[in-house]
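Taking it in order: structure first as structure tokens, then the write-up.
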Number of protein chains: 2
Amino acid sequence: MPDRDASLETIQRELTAFARRARAAAARLHPELSLVSYTLLAHLEEQGGCRATDLAAHYLLDKSTVSRQIAALERLGLVERLPAPEDQRAQVLHLTARGAETLAQVAANRRDAFRERLGDWDGADLDRFAAYLLRYNTSARMPGRR
Amino acid sequence: MPDRDASLETIQRELTAFARRARAAAARLHPELSLVSYTLLAHLEEQGGCRATDLAAHYLLDKSTVSRQIAALERLGLVERLPAPEDQRAQVLHLTARGAETLAQVAANRRDAFRERLGDWDGADLDRFAAYLLRYNTSARMPGRR
DNA sequence: GGTTCTGGTTGTATAGTACAACTTAAAGAT
DNA sequence: ATCTTTAAGTTGTACTATACAACCAGAACC
């Protein structure tokens, strides 16, 4: 009967374990780009550019954190800032060609690592796992905010 | 047809996003106990005590990191060290009564948070999600090591 | 009994993060 | 229209988790 509780327990434990390992794993996988940097770059690509504030909101980071991350990425020549057309305070961030290239490289590494790790899963399982994760994250993102 | 690739892409993205948020979420959930501390305490409880080295090995942490974490937990009165019976260098770590209590409290908070977040999932989905996570983590833990 | 290994601590450095104070510009209120 | 409040970003400061290297003490192995 408390199958439900057992499942919750497992989900909690495994997600936690995963989170603990993720940073180190990312560092092993691509030393040039931390997990945060990677995430921010990926978001910029996906969105085709956005403001620092949007990044902060989306990833639950402080503006100062994003500001420094972006500054670092800019120093590396991976990100550029353009004045926002409608708001003189804001800047629209976007990838440089080099940024896109680096991101593609790292993404490929990551993809390969995942592909290898999940190589023996069948397609239907992958699909369902992906759907579950998406659902989990979406529910997590929406409510707790304020 | 590269459904498979799409799923992999989603899994990668969502796991990454989750990892990024986990620390902050944990901090909101229980400011007294960081995610690492929580993890270490939970492991001690689960194992009924173990050495610092075991923790380091299990969580892919440096000994120095564990040493400092444990020192902090000891200062908080949540963990005690006992001389290891057979090895004079080693110490067996275990929870104090207060540590067990704190852990239980935090674990309950976490459980509630997860229960709320996943409240509208049906049992079969929870079960499958848990199984997928477990499978993922197990495959991740084993091979890449060295 | 010396060499090597293992458990643990301490020194030092770095990255990621938050919070608070500040600047500048936009938006709202009167 | 000005005055106040809000929003976007930056910078100062501090803390935490982490690693790596150097070290010490006990164990294990010749």
Side-chain angles (χ1 to χ4, degrees), chain A residues 16-17 19-41 44 49-76 79-93 146, chain B residues 16-17 19-41 44 49-76 79-94:
Chain A
T16 305
R20 283 259 32 277
R21 272 183 266 266
R23 188 184 305 258
R28 252 183 291 135
L29 204 54
H30 44 81
E32 338 82 75
L33 223 51
S34 76
L35 199 49
V36 203
S37 305
Y38 171 75
T39 307
L40 297 184
L41 287 187
L44 286 182
C50 69
R51 300 171 312 157
T53 296
D54 302 332
L55 293 173
H58 198 258
Y59 293 104
L60 303 188
L61 293 170
D62 192 76
K63 337 182 261 174
S64 64
T65 301
V66 174
S67 175
R68 288 180 226 269
Q69 288 291 333
I70 294 299
L73 291 173
E74 193 185 28
R75 275 195 298 279
L76 292 171
V79 162
E80 265 180 352
R81 319 171 189 234
L82 289 188
E86 269 305 297
D87 189 336
Q88 284 305 105
R89 298 168 298 182
Q91 312 163 341
V92 179
L93 309 169
R146 28 172 343 264
Chain B
T16 305
R20 283 260 33 276
R21 273 183 268 267
R23 187 185 306 257
R28 253 184 290 136
L29 204 56
H30 43 80
E32 338 81 75
L33 223 52
S34 77
L35 200 49
V36 203
S37 305
Y38 171 75
T39 306
L40 298 183
L41 286 187
L44 286 182
C50 69
R51 300 169 313 158
T53 295
D54 302 332
L55 292 173
H58 198 260
Y59 293 104
L60 304 188
L61 293 170
D62 192 78
K63 343 183 254 179
S64 64
T65 301
V66 174
S67 175
R68 288 181 227 266
Q69 288 290 333
I70 294 299
L73 290 173
E74 192 185 29
R75 275 195 299 278
L76 292 171
V79 162
E80 265 180 352
R81 318 170 189 237
L82 289 187
E86 270 305 297
D87 190 336
Q88 284 306 104
R89 298 167 298 182
Q91 314 161 342
V92 179
L93 309 169
H94 62 95

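Order of the sequence lines fixes the chain letters, A, B, ..., with proteins taken first and strands second; residue numbering starts at 1 for each chain. Just so it is clear, the structure is predicted and the values come from calculations on it, not from any experiment.
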For [X] and [N], give me the distance from atom [atom1] to atom [atom2], rounded to whole Å.
X: A:L61; N: C:dC19; atom1: CG; atom2: P; answer: 11 Å
X: B:Y59; N: D:dA17; atom1: OH; atom2: C1'; answer: 16 Å
X: A:L93; N: D:dA8; atom1: CG; atom2: P; answer: 13 Å
X: B:L35; N: D:dT18; atom1: CG; atom2: C1'; answer: 14 Å
X: B:L40; N: C:dG8; atom1: CG; atom2: P; answer: 13 Å
X: B:K63; N: D:dC23; atom1: NZ; atom2: P; answer: 14 Å
X: A:E86; N: C:dA25; atom1: CD; atom2: P; answer: 15 Å
X: A:L73; N: D:dT10; atom1: CG; atom2: P; answer: 13 Å

Choosing from [options], which nucleotide comes nearest the side chain of [X]?
X: A:T65; options: C:dT17, C:dA26, D:dA21; value: C:dT17
X: A:A90; options: D:dA8, C:dT9, C:dT17; value: D:dA8
X: A:S64; options: D:dT11, D:dC20, C:dG8; value: D:dT11
X: B:V36; options: C:dG7, D:dT18, C:dA18; value: D:dT18
X: B:D87; options: C:dT17, C:dG7, C:dT9; value: C:dG7
X: A:R89; options: D:dA19, C:dT9, C:dA25; value: C:dA25
X: A:T53; options: D:dA8, D:dG12, D:dA27; value: D:dA8

Look up atom CD in B:Q69 and atom OG1 in B:T65, then write down how far apart they are to the nearest 0.5 Å.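 If I round to the nearest 0.5 Å, the distance is 7.5 Å.
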
Going by modelled atom types, is there a donor-acceptor pair between the base of C:dT12 and the side chain of B:R68 at under 3.5 Å?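 Under the 3.5 Å cut-off, the side chain and the base do form a donor-acceptor pair.
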
So, do B:Q91 and B:I70 sit near enough that their side-chain heavy atoms are less than 4.5 Å apart?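 Contact flag for B:Q91/B:I70 side chains = no.
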
Would a 4.5 Å heavy-atom cut-off, applied to side chains only, mark B:T53 and B:K63 as touching?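 Sidechains of B:K63 and B:T53: no contact.
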
Reckon [X] has a side-chain N or O less than 4.0 Å from the OP1 or OP2 of [N]?
X: B:S34; N: D:dA17; result: yes
X: A:Q69; N: C:dA15; result: no
X: A:R81; N: D:dT10; result: yes

So which one's nearest nucleotide on DNA chain D is more toward 5', A:D54 or A:R20?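 In this pair, the answer is A:D54.
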
How close do B:A19 and A:L35 get, heavy atom to heavy atom, and via which atoms?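 Scanning both residues completely, I find the closest heavy atoms to be CB-CD2, 4.4 Å.
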
Looking at A:V36, A:T39, A:L93, which one forms a side-chain contact (heavy atoms from CB on, under 4.5 Å) with A:L55?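 In the set A:V36, A:T39, A:L93, the residue that makes a side-chain contact (heavy atoms from CB on, under 4.5 Å) with A:L55 is A:L93.
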
